[in-house]
Engineer: 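Shown below is the structure under consideration.
Side-chain atoms are counted along with the backbone in the values below, which use heavy atoms only and exclude waters and symmetry mates. Read the numbers this way: they start at 1 and go in the same order the structure lists the ligands and their atoms. All residue numbers in this chain count up from 1 along the given sequence.
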Amino acid sequence: MTIRNAQFGSVFVVSAPSGAGKHAILHQVIDLDPNLEYCISATTRLPRPGEIDGKDYYFMDRTEFMHRVEADEFVEWAQVHGRLYGTLRSELTRRLTSGKDVILELDVQGMRNFTAGRKDTVTVFVTAPSLDVLEERLRTRGANSEDDLALRLHNARAEIAAKDSFDYVIVNDKLEEAVADLQAIIRARRLGIGN
Ligand code: 5GP
């Protein structure tokens with residue numbers, strides 16, 4: 001049984017280098033938990049095959065993105081792998097005020113910007129067992145050019161070096177164990193006093 005005494009939901013920030021398998025973990029955890037929602041980000045990167053606008057991301061060009069930055073529509077935004085990504089305030093607020101807990105998928109800069117001055121956020125870093133495994137997973141995904149792959153691997157090293165600034169670290173070796181780990185973190189948060 002989960003006791004929920006919160007009027008507003010909690011925010012879980014999940015960061016991971018590309019290829020750590022974060023999406024697979026998040027999909028399973030969210031599918032199994034009716035009180036948890038994924039907050040859809042905006043990005044200037046192009047959709048990958050199969051990605052849908054309004055489901056995976058809000059895809060927009062740089063002009064529209066910067067217009068929204070100027071209108072203060074983002075709670076945080078950052079340049080990641082040469083593209084802009086950001087969390088729309090409207091998307092986050094709508095979910096939290098309906099009492100749902102929310103997962104934000106942010107890069108490390110985004111995590112830092114978002115959590116600065118807020119104590120109500122749980123931060124989780126997901127990583128692969130090694131850089132070799134990460135590279136193999138990125139190559140298997142096949143949707144990245146060699147240049148993009150090299151950039152993502154370079155950025156992965158920097159992100160992994162920042163893992164100690166998170167509340168929790170999950171090593172995604174076996175998917176079902178990583179899913180159980182994230183569920184345990186969420187459950188612990190919900191059982192905490194005053195949450
Ligand atoms: P991808 O291009 O593979 O979908 O996402 C690349 C990375 O962008 C993700 O791993 C995540 O770290 C970051 N990202 C996605 N959405 C956001 C966002 O709203 N804000 C920030 N700061 N980073 C994001």
Engineer: Is there side-chain contact between R137 and N172, with at least one heavy-atom pair below 4.5 Å?
Structural biologist: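 Yes, side chains in contact.
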Engineer: For atom 17 (C) of ligand 1, what's the nearest protein heavy atom and its distance?
Structural biologist: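 Nearest neighbour among protein heavy atoms for atom 17 (C) of ligand 1, to 0.1 Å: E105 O, 3.2 Å.
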Engineer: For atom 6 (C) of ligand 1, which protein heavy atom lies nearest, and how many Å away is it?
Structural biologist: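 In this structure, atom 6 (C) of ligand 1 has Y85 OH, 3.7 Å as its nearest protein heavy atom.
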Engineer: Report yes if some N/O of H23 lies less than 3.5 Å from some N/O of ligand 1; otherwise report no.
Structural biologist: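 No; the residue has no nitrogen or oxygen that sits under 3.5 Å from a nitrogen or oxygen of the ligand.
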Engineer: Counting only nitrogen or oxygen atoms and a 3.5 angstrom limit, does H81 reach ligand 1?
Structural biologist: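 Among all N and O atoms of H81, none is under 3.5 Å from an N or O of ligand 1.
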Engineer: Out of all atoms in ligand 1, which are within 4.0 Å of some heavy atom of R45? Include the element for each.
Structural biologist: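 What qualifies from ligand 1 is 1 (P), 2 (O), 4 (O).
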Engineer: Using a strict 4.0 Å threshold on nitrogen-to-oxygen distance, state whether R139 and E146 make a salt bridge.
Structural biologist: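 Salt bridge: yes.
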Engineer: Output the list of atoms in ligand 1 that are nearer than 4.0 Å to some heavy atom of T87, sorted by atom number.
Structural biologist: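 This gives 19 (O) as the contact atoms.
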Engineer: Of all the non-hydrogen atoms in the protein, which one sits nearest to atom 4 (O) of ligand 1, and at what distance?
Structural biologist: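 Nearest neighbour among protein heavy atoms for atom 4 (O) of ligand 1, to 0.1 Å: Y57 OH, 2.6 Å.
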Engineer: Heavy-atom contacts with A78 under 4.0 Å: which atoms of ligand 1 show up? List them by number with element.
Structural biologist: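 What qualifies from ligand 1 is 22 (N).
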Engineer: Which word best sums up how the rings of F74 and F65 line up, parallel for under 30°, tilted for 30 to 60°, or perpendicular for over 60°?
Structural biologist: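 Parallel: the ring planes of F74 and F65 meet at under 30°.
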Engineer: Checking a contact table here: which protein heavy atom is nearest atom 9 (C) of ligand 1, and how many Å away?
Structural biologist: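 Going atom by atom, the protein heavy atom closest to atom 9 (C) of ligand 1 ends up being K22 NZ, 3.5 Å.
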Engineer: If you measure from OG1 on T140 to CD on E135, what distance do you get to the nearest 0.5 Å?
Structural biologist: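 So the gap between those two atoms works out to 10.0 Å.
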Engineer: Are any of the N/O atoms in E159 less than 3.5 Å from those in ligand 1?
Structural biologist: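 Between E159 and ligand 1, no N or O pair is found under 3.5 Å apart.
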Engineer: In the structure I gave you, are the side-chain heavy atoms of V102 and E91 within less than 4.5 Å of one another anywhere?
Structural biologist: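 Heavy-atom side-chain distance check fails, nothing below 4.5 Å.
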Engineer: Is a donor from one side chain sitting under 3.5 angstrom from an acceptor on the other, for E51 and Y57?
Structural biologist: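 On atom types as modelled, these side chains do not qualify, holding no pair under 3.5 Å.
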Engineer: Among protein heavy atoms, which lies nearest atom 20 (N) of ligand 1, and at what distance?
Structural biologist: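 Residue, atom and distance for the closest contact: E76 OE2, 2.7 Å.
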Engineer: Among protein heavy atoms, which lies nearest atom 7 (C) of ligand 1, and at what distance?
Structural biologist: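 Ranking protein heavy atoms by distance from atom 7 (C) of ligand 1, first comes V80 CG1, 4.0 Å.
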Engineer: Using a plain distance cutoff, I'd like to know if E51 has any nitrogen or oxygen under 3.5 Å from a nitrogen or oxygen of ligand 1.
Structural biologist: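 Between E51 and ligand 1, no N or O pair is found under 3.5 Å apart.
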Engineer: Counting only nitrogen or oxygen atoms and a 3.5 angstrom limit, does G86 reach ligand 1?
Structural biologist: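 Yes, at least one N or O pair falls under 3.5 Å.
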Engineer: Do the non-hydrogen side-chain atoms of H23 and D56 ever get within less than 4.5 Å of each other?
Structural biologist: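 Counting from C-beta outward, H23 and D56 never come under 4.5 Å.
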Engineer: Is the shortest heavy-atom distance from the side chain of L84 to the side chain of M60 under 4.5 Å?
Structural biologist: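 No, their side chains stay 4.5 Å or more apart.
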Engineer: Taking the non-hydrogen atoms of R83, is any one of them nearer than 4.0 angstrom to ligand 1?
Structural biologist: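 Not so, R83 does not reach ligand 1.
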Engineer: Checking a contact table here: which protein heavy atom is nearest atom 19 (O) of ligand 1, and how many Å away?
Structural biologist: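 Looking at atom 19 (O) of ligand 1, the protein heavy atom closest to it is S41 OG, 2.7 Å.
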Engineer: What I want to find out is whether D33 reaches R190 closely enough, with some N-O distance under 4.0 Å, to be called a salt bridge.
Structural biologist: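 Yes.
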Engineer: Any nitrogen or oxygen of R48, side chain or backbone, less than 3.5 Å from one on ligand 1?
Structural biologist: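 The answer is yes, given that R48 and ligand 1 share an N or O pair closer than 3.5 Å.
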Engineer: Consider only side-chain N and O atoms of H81 and D148, and report whether a donor and an acceptor are under 3.5 Å apart.
Structural biologist: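 The criterion, which ignores hydrogens and geometry beyond distance, is not satisfied for D148 and H81.
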Engineer: Got S18 and L138 here, is their nearest side-chain heavy-atom distance under 4.5 Å?
Structural biologist: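 When only atoms from C-beta onward are counted, L138 and S18 do touch, with a gap below 4.5 Å.
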Engineer: Among protein heavy atoms, which sits nearest to atom 13 (C) of ligand 1, and what does the distance come to when rounded to 0.1 Å?
Structural biologist: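 For atom 13 (C) of ligand 1, the nearest protein heavy atom comes out as D107 N, 3.9 Å.
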